[in-house]
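Below is one structure, written out as C-alpha cells, with a few remarks after it.
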Amino acid sequence: AGDKLPDATEREIEARLSDPIVTAASAQLGKARRINDAAGRYIEFCKSTFPTDLDLRGLKIVVDCAHGASYHIAPHVFHELGADVVAIGNQPDGLSINLDCGATRPQALTRAVSEHSADLGLALDGDGELSDPGEDHRESDCLERCQIENAEDEERDGAAQRDDDR
C-alpha cells in the first residue's frame with residue numbers, strides 16, 4: 001500500500017547511495033536520561049485509553065507477551081483494569097523474543113487459555129503490538145482460536161452438566 005515515488009526522486013536517492021556516509025560526532029548527539037517510574041507512567045497511560053465505563057472484573061485473561069517489549073507492562077495493565085491475568089511469554093532473556101510464542105506462534109496461548117479456563121487469550125508480538133485478525137500470520141489468528149476453543153470447552157461443560165442433570 002502507498003504511493004510510488006516520482007522517477008526523478010528515485011534517481012536522486014539512488015545517486016546518493018554512493019555518496020560517503022556523514023555522521024555526527026557523539027558529543028553532538030542527544031543524551032539519554034532515566035525517567036523515574038517510566039513503566040508506571042506508561043501503565044497509567046495505557047489504562048487511560050480504555051473506556052471509563054467498562055472494566056475487566058470477572059474476566060480471566062491469558063496474555064502472551066512473546067518474551068518481548070510488553071512483558072513488564074501488559075500484564076499489569078490488564079490486572080489494574082480488573083482482570084485476573086495469567087501472563088506467559090514474560091521472561092525475556094534477549095534470545096527468546098517471539099520464540100514459539102506470541103502472535104506468530106499461538107499454540108502456547110491456546111493451551112494456556114484451555115489450562116486456565118480463561119475467558120480470553122491475547123497475543124502480543126515482540127514489539128508489544130496486539131495480534132491483528134487482518135494480518136497474515138503463519139498460523140491462524142490466535143484470538144479467534146482461543147475463542148473457538150473456549151466455546152468448545154463451554155459446549156462440552158454444558159453437555160456434561162445436562163448429562164449430570166438427567
Side-chain angles (χ1 to χ4, degrees), residues 1-5 32-166:
D3 297 322
K4 185 176 177 349
L5 292 173
R33 62 184 164 100
R34 185 164 304 279
I35 297 175
N36 292 331
D37 195 30
R41 289 178 180 193
Y42 190 61
I43 289 167
E44 290 302 316
F45 166 76
C46 292
K47 289 176 8 186
S48 77
T49 67
F50 194 78
T52 56
D53 58 328
L54 299 176
D55 65 52
L56 301 178
R57 284 180 285 191
L59 288 178
K60 182 180 271 191
I61 299 174
V62 177
V63 180
D64 185 344
C65 301
H67 299 298
S70 64
Y71 83 96
H72 184 61
I73 302 295
H76 293 291
V77 170
F78 292 110
H79 173 75
E80 290 186 23
L81 289 170
D84 179 11
V85 177
V86 176
I88 64 173
N90 62 332
Q91 297 182 344
D93 62 8
L95 302 173
S96 60
I97 190 167
N98 290 323
L99 183 63
D100 295 326
C101 60
T104 60
R105 295 278 191 237
Q107 295 87 347
L109 177 64
T110 302
R111 277 192 307 277
V113 166
S114 180
E115 289 169 6
H116 294 279
S117 300
D119 299 298
L120 180 66
L122 299 174
L124 304 168
D125 65 15
D127 293 338
E129 297 172 328
L130 184 62
S131 175
D132 178 354
E135 287 184 28
D136 181 22
H137 291 298
R138 288 176 275 179
E139 300 290 334
S140 63
D141 179 65
C142 65
L143 295 175
E144 180 180 323
R145 254 188 173 181
C146 292
Q147 290 167 343
I148 289 169
E149 186 163 314
N150 251 4
E152 290 169 351
D153 288 346
E154 288 175 14
E155 187 175 312
R156 274 194 301 276
D157 293 346
Q161 181 64 42
R162 287 190 297 277
D163 288 343
D164 290 346
D165 292 343
R166 290 185 191 164

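Worth knowing before you read on, the calculation uses all heavy atoms, side chains too, and leaves out hydrogens, waters and symmetry mates.
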Could you go through the side chain to side chain contact (heavy atoms under 4.5 Å, CB included) check for Leu130 and Leu122 one step at a time? CA-CA 7 Å; Leu130 184 62; Leu122 299 174; 4.0 Å; yes
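With a 6.0 Å radius and a threshold of 12 heavy atoms from other residues, nucleotides or ligands, His79 has its NE2 atom at or below the threshold.
Between the side chain of Asn98 and the main chain of Gly126, a donor-acceptor pair closer than 3.5 Å is present. Looking at Ser114, its side chain never comes within 3.5 Å of a backbone N or O of Arg111 through a donor-acceptor pair.
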List, one per line, each side-chain donor-acceptor pair under 3.5 Å for residues 33-44, sequence neighbours excluded.
from: Asp37; atom 1: OD1; to: Gly40; atom 2: N; distance (Å): 3.2
from: Glu44; atom 1: OE2; to: Lys47; atom 2: NZ; distance (Å): 3.0

Donor-acceptor list for residues 81-97 side chains, cut-off 3.5 Å, not counting sequence neighbours:
from: Asp93; atom 1: OD1; to: Leu95; atom 2: N; distance (Å): 2.7
from: Asp93; atom 1: OD1; to: Ser96; atom 2: N; distance (Å): 2.8
from: Asp93; atom 1: OD1; to: Ser96; atom 2: OG; distance (Å): 3.1

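Going from atom SG of Cys46 over to atom NE2 of His76 covers 12.0 Å, rounded to the nearest 0.5 Å.
Looking at every heavy atom in both residues, Ala118 comes nearest to Val62 through CB-CG2, 3.6 Å. Closest approach of Ser70 to Leu124, counting heavy atoms only: OG-CD1, 3.1 Å. Heavy atoms only, all atoms of each residue included: Asp100 and Ala108 are closest at O-CB, 4.1 Å. Residues Gly121 and Val113 come closest through the heavy atom pair CA-CG2, 3.6 Å. The two residues Ala66 and Gly102 have their closest heavy-atom pair at CB-CA, 3.6 Å.
Side-chain contact check for Thr104 versus Asp125: every heavy-atom pair is 4.5 Å or farther apart.
Here Lys60 pairs with nothing under the side chain to side chain donor-acceptor pair (under 3.5 Å) rule; sequence neighbours left out.
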